[in-house]
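Notes to accompany the following structure.
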Amino acid sequence: MDIKSQISRIVRHALLRLHPSVDGLGDPRITFPRKKAHGDYAAVCFPLAAKVGQRPNEFTEALARELESEEFFLEVTPAGGFLNFRIKPSAICRMAVEAVLAEGSQYGSSKRHASECVMVEYSSPNTNKPLHVGHVRNNLLGMSLCHLLEAVGYRVAPTCLVNDRGIHICKSMVAYGRFAKGQTPATTGEKGDHLVGRLYVEFEMAVRKEFRTWATGPGQEDLDAWVSEHRAELDIAVASARRKAEETGRKPPAVEDVKIGRFYDAKGQEFFASKSGLGEEARDLLRRWEAGDPEVVELWKTMNGWVYEGFDETYKLLGSRFEKVYYESETYLLGNSVVDEGLEKGIFYRKPDGSVWIDFDDPKLGSKLLRRSDGTSVYITQDLGTAIEKFRGFDLDLSVYVVGAEQIYHFQVLFEILRRLGYPWAKDGLYHMAYGMVYLPEGKMKSREGTVVDADDLIAELTARAREKSLSGDLRVAREEIDKTAHQIAMGSLKFFLLSVTPSRDMNFNPAEPISLQGDTGPSVQYAIARINSILEKAGALVEKPADLGSLDRPEEVELAKLLLDFPRSVEKAAHHRNPALICQALLALKDAFSKFHHNVRVLAGKGEPVDGRPELASARIALCQATREVLIKGLALLGIEAPARM
RNA sequence: GCGCCUGUAGCUCAGUAGGAUAGAGCAACGGACUUCUAAUCCGUAGGCCGUAGGUUCGAAUCCUACCAGGCGUGCCA
């Protein structure tokens, strides 16, 4: 039992003695006091005092007297509605070190959800473009969530749903035929996903050009009409483009370009669907693919193959791992029978044009299309099939989707449909872990326009910087280890950076300001581990000597111990709230406490020499260091971060 | 229009299920390496917690309205 629970239990017994007749008084919340001078732990008593009908100070004074004789506390002080506790410093240190070293790498884990199985779907890329920082955030959240859920006992199945079919990949295929005949990753030296992504961008550019030709020719009337209708909006757009150009010192765009650009934003999709020759080509490829045209399928396979090779490389860098991969080309038909089933049950209905719909009771959900009038399936249809498939293939208690917040509505609808269809697990076995966007200073990233921060580039740049920094000082790392170490540090900085923001929030990322290696960062946590390793190496035989844990009573040691004791709570909470950022916070607090300890408290007088000539004290401090290292490594592992032995 | 999310230091973010005098890091300024690695430590400065009301002994946190930004919103995924 952790220390806060112990305190809570002792207080509960005292309360039962003091107020035996009050039912459901509850426990006071045990926290760290805001100021260390107040004590080691504090109980917040305002709500309980109110229930008993006493003034807060009256209540806590009586409670303090009742707890006076408790041996567990050194001191119990009432302070208004707070009750502050002081505990013998060496006792805290002893508890912490013994608890951590007894459990080792299992410290912080629990069996709370043992015998439960959860599937976590994450990453889920489209095969028409390489991964960017937004995808990286997704991958890291997914992996970290897997680790957190495992830590509280779940059996976890990480999965990925690859969107390998549809109009987007057909666009790249059209571009391949038109602009890149004969090119392969081998001939261009490009990574496969980058090659296909480049073709996708080229296709989009070509459509824009096609649109421009139309808008300044046969579509001129439409353009003029639209422009006069959106006069005010356009004036603002032109003005803001000018302002932006002035700020950045670039040439302002021509008014004509802004007009056509806006017109494209508004009508581009419509144009693509009805007037674009390129659009017709792409749709034709999609039709031929669905009909199984061998030539099209062959090209599709080849290009997807290039993309997978590229993804595999990036996944390897990130450490992404999947137990099961679903491909939409295999699952996209699964939903159709579900739609038929819903029609039979009368949950869905058919409109005269043949399209299939569902109306929801909740007006916020409105109604939703489930099958197009031409009989083809839509996005949500295949998701219905895949959701059911997951529960068929695995004995799941929970199915998690790590997907961006822009799809909150989509998942509300998906889950509600599955509930209406009567699947028992749909009641509380589905969870959408929605996370926020990663914004660049200039706004949202757009793959189509090529304004993205590429994952591979970012990793490469960080690795180069970590390597340079390693080489710049005393080289602690063995030469042959430097590549691995630089990679670990680079990934430590990237992962920690992206995971330290609360998942549900949007976050900003400025590529011009590189991710820091100093301050509240992953590398600073890794560094603390490297320093501990260094001490342990130099300690030699002292590591094995008997330790007198009772001699640990310095404030720096107690602070460290308190945080070690609090770590399991952080894990529990992070798993419960599905929020890895809570682990980041716990690690930073721990790293801070260790740095202060390390700065002010010596372990060794020299190599193998105990401080103050006291081996039992040195060994105790060594044990505290070992416990700290254990927890730091565990915490980083929960984030999917490795710690290099030396830095 | 409607719905959901977000407004905390110059920047990036915390703020522990309503609790004590709102905290870090970066950037700025000033200190600390003959010392277990300076990816560290110590200090200074920086805040009408978007605005206005309300609930409460107590509000950054809960409620209402407004302002600003983002996302979504019937045949895209």
Side-chain angles (χ1 to χ4, degrees), chain A residues 29 31-35 38 42 44-47 49-50 55-56 79-82 84 126 163 166-168 269 273 328 351 353 355-357 363-374 376 378-380 382-383 404-410 412 434 436-437 439 443-444 466 469-470 473-474 476 489 493 497 500-502 504-510 513 516-528 530-532 534-539 566 569-570 573 577 581-582 584-585 588-589 591-592 594-596 598-607 609 611 621 625 646-647:
Chain A
R29 197 150 59 85
T31 65
F32 288 125
R34 195 167 283 282
K35 293 271 180 200
H38 292 141
V44 183
C45 297
F46 294 89
R55 285 198 308 277
F82 296 95
N84 293 320
N126 288 348
N163 186 1
I167 195 76
H168 55 269
Q269 230 173 341
E328 288 197 7
K351 281 192 180 176
D353 66 3
S355 58
V356 176
W357 296 75
K364 281 180 191 171
L365 296 183
S367 54
K368 184 83 187 170
L369 172 89
L370 297 171
R371 183 182 287 166
R372 293 193 185 93
S373 45
D374 64 7
T376 58
V378 289
Y379 174 57
I380 198 160
Q382 70 88 17
D383 256 356
E406 68 275 14
Q407 295 198 40
I408 286 175
Y409 171 74
H410 169 77
Q412 282 174 343
M437 298 243 178
Y439 285 101
K444 195 175 172 175
K469 190 161 169 70
S470 289
D474 262 356
R476 300 271 166 174
I489 294 168
S493 66
F497 174 79
S500 59
V501 177
T502 306
S504 58
R505 285 182 52 142
D506 290 338
M507 65 183 293
N508 295 298
F509 176 66
N510 186 354
E513 287 171 21
S516 177
L517 304 177
Q518 298 179 27
D520 281 355
T521 63
S524 73
V525 177
Q526 292 170 320
Y527 182 67
R531 298 300 297 263
I532 294 173
S534 175
I535 293 174
L536 295 179
E537 247 173 62
K538 290 205 162 62
D566 212 46
R569 272 178 179 258
S570 297
K573 207 172 148 190
H577 291 279
L582 301 177
C584 294
Q585 284 167 41
L588 289 176
K591 156 245 157 192
D592 266 355
F594 173 76
S595 292
K596 288 181 173 94
H598 184 258
H599 199 262
N600 298 326
V601 183
R602 289 200 68 83
V603 177
L604 305 171
K607 203 164 183 181
E609 293 297 316
V611 65
R621 287 181 178 161
C625 285
R646 299 165 210 246
M647 292 174 71

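Throughout, a chain's letter reflects where its sequence line sits, starting with A, and its residues are numbered from 1.
- Within 4.0 Å (heavy atoms only), A:Ile167 reaches no atom of the nucleic acid at all.
- A:Tyr409 does not qualify as a stacking partner of the B:G3 base, lacking a centre-to-centre distance under 5.5 Å together with planes within 30°.
- Atom pair A:Leu365:CG and B:G72:C1' shows a separation of 12 Å (rounding to whole Å applied).
- Note on A:Val601: a base of the nucleic acid sits closer than 4.0 angstrom, heavy atoms only.
- Taking atom P in both B:G58 and B:C66, one finds a spacing of 27 Å when rounded to whole Å.
- With hydrogens and angles left out, the side chain of A:Ser470 and the base of B:A39 share a donor-acceptor pair within 3.5 Å.
- Rounded to whole Å, the separation between the P atoms of B:G3 and B:A20 comes to 35 Å.
- On the P atoms, B:G43 is 40 Å away from B:C5, given to the nearest whole Å.
- Between A:Phe32 atom CZ and B:G19 atom C1' there is a gap of 17 Å when expressed in whole angstrom units.
- Rounded to the nearest Å, the gap between the P atom of B:A39 and that of B:C33 is 15 Å.
- A sub-4.0 Å separation between OP1 or OP2 of B:A14 and a side-chain N or O of A:Thr502 is present.
- Using a 4.0 Å heavy-atom criterion, one finds that A:Ala528 contacts no nucleic acid atom at all.
- For the pair A:Leu604 and A:Ile535, the tightest heavy-atom approach, listed with the atom from each and the gap, is CD1-O, 3.8 Å.
- At a threshold of 4.0 angstrom between heavy atoms, the contacts of A:Lys368 with the nucleic acid are absent.
- In this structure, A:Phe46 forms no aromatic stack with the base of B:G58, since the conditions of centre separation below 5.5 Å and plane angle below 30° are not both met.
- Within the structure, a side-chain polar atom (N or O) of A:Asn508 is placed less than 4.0 Å from OP1 or OP2 of B:C13.
- Regarding A:His577, its NE2 atom lies at a distance of 19 Å from the P atom of B:U61, rounded to whole Å.
- The CZ atom of A:Arg29 sits 10 Å away from the P atom of B:A20 (whole-angstrom rounding).
- Using a 4.0 Å heavy-atom criterion, one finds that A:Ala42 contacts the bases of the nucleic acid, with or without backbone contacts as well.
- Between A:Lys596 and B:C42 there is a side-chain N or O to OP1 or OP2 distance below 4.0 Å.
- Comparing the same atom, C1', in B:G47 and in B:C42 gives a spacing of 24 Å after rounding to whole Å.
- Other residues, nucleotides and ligands place no more than 12 heavy atoms under 6.0 Å from the CD atom of A:Gln269.
- Using a 4.0 Å heavy-atom criterion, one finds that A:Val603 contacts the bases of the nucleic acid, with or without backbone contacts as well.
- The side chain of A:Lys573 lies closest to B:A17, out of B:A17, B:A24, B:A22.
- Within 4.0 Å (heavy atoms only), A:Ser595 reaches sugar-phosphate atoms of the nucleic acid but no base atom.
- Listed here is the closest heavy atom pair of A:Ser516 and A:Thr521: O-CG2, 3.4 Å.
- In this model, a side-chain donor or acceptor of A:Asp353 finds a partner on the base of B:C75 within 3.5 Å.
- Between A:Arg505 and B:G7 there is a side-chain N or O to OP1 or OP2 distance below 4.0 Å.
- The pairing partner recorded for B:C2 is B:G72, the criterion being a Watson-Crick or G-U wobble arrangement whose two distances lie under 3.5 angstrom.
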**Request:** Determine, stepwise, if the pair A:Ser493 / A:Leu517 fulfils side-chain contact (heavy atoms from CB on, under 4.5 Å).
**Result:** CA-CA 6 Å; A:Ser493 66; A:Leu517 304 177; 3.8 Å; yes

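- Counting non-hydrogen atoms under 4.0 angstrom, A:Pro56 reaches nothing in the nucleic acid.
- A straight line from CD1 of A:Ile380 to P of B:G74 spans 12 Å, rounded to a whole angstrom.
- Counting any heavy atom pair closer than 4.0 Å across all strands shown, A:Tyr439 reaches sugar-phosphate atoms only and no base atom.
- Contact annotation for A:Glu537: no contact, since no heavy-atom pair falls under 4.0 Å across all strands.
- For the atom pair NZ of A:Lys591 and SG of A:Cys584, the computed distance is 12.5 Å after rounding to the nearest 0.5 Å.
- For the pair A:Leu370 CG and B:C76 P, the computed distance is 14 Å after rounding to whole Å.
- When heavy atoms are screened at a 4.0 angstrom cut-off, A:Pro363 is found touching no nucleic acid atom at all.
- In this structure, A:Tyr379 does not reach the B:A77 phosphate: none of its side-chain N or O atoms is under 4.0 Å from OP1 or OP2.
- Comparing B:G7 with B:C48, their C1' atoms are spaced 15 Å from each other, to the whole Å.
- Under the 90° criterion around 0 for the glycosidic angle, B:C62 counts as anti.
- Ring-to-base geometry places A:His598 in a stacked arrangement with B:C36 (centre distance under 5.5 Å, plane angle under 30°).
- Scanning atom types as modelled, one donor and one acceptor separated by under 3.5 angstrom connect the side chain of A:Asn84 and the base of B:A20.
- Using C1' as the reference atom, B:G19 and B:G31 are 37 Å apart when rounded to the nearest Å.
- If you take CZ of A:Arg531 and C1' of B:U40, they are 7 Å apart, rounded to a whole angstrom.
- Remark: A:Arg602 is not in phosphate contact with B:C36, judged by side-chain N or O atoms under 4.0 Å from OP1 or OP2.
- Within the structure, every side-chain polar atom (N or O) of A:Lys364 is placed at least 4.0 Å from both OP1 and OP2 of B:U73.
- Distance noted for atom C1' between B:C63 and B:G23: 27 Å (whole Å).
- Using a 4.0 Å cut-off, no side-chain N or O of A:Lys607 falls inside it from OP1 or OP2 of B:C36.
- Taking atom CD of residue A:Gln518 and atom P of nucleotide B:A27, one finds them 8 Å apart after rounding to whole Å.
- We find that A:Glu406 and A:Lys444 are not joined by a salt bridge, their nearest charged nitrogen and carboxylate oxygen being 4.0 Å or further apart.
- The aromatic ring of A:His38 is stacked on the base of B:A20, with the two ring centres less than 5.5 Å apart and the planes inclined by under 30°.
- In terms of phosphate contacts, A:Arg372 brings no side-chain nitrogen or oxygen within less than 4.0 Å of OP1 or OP2 of B:C75.
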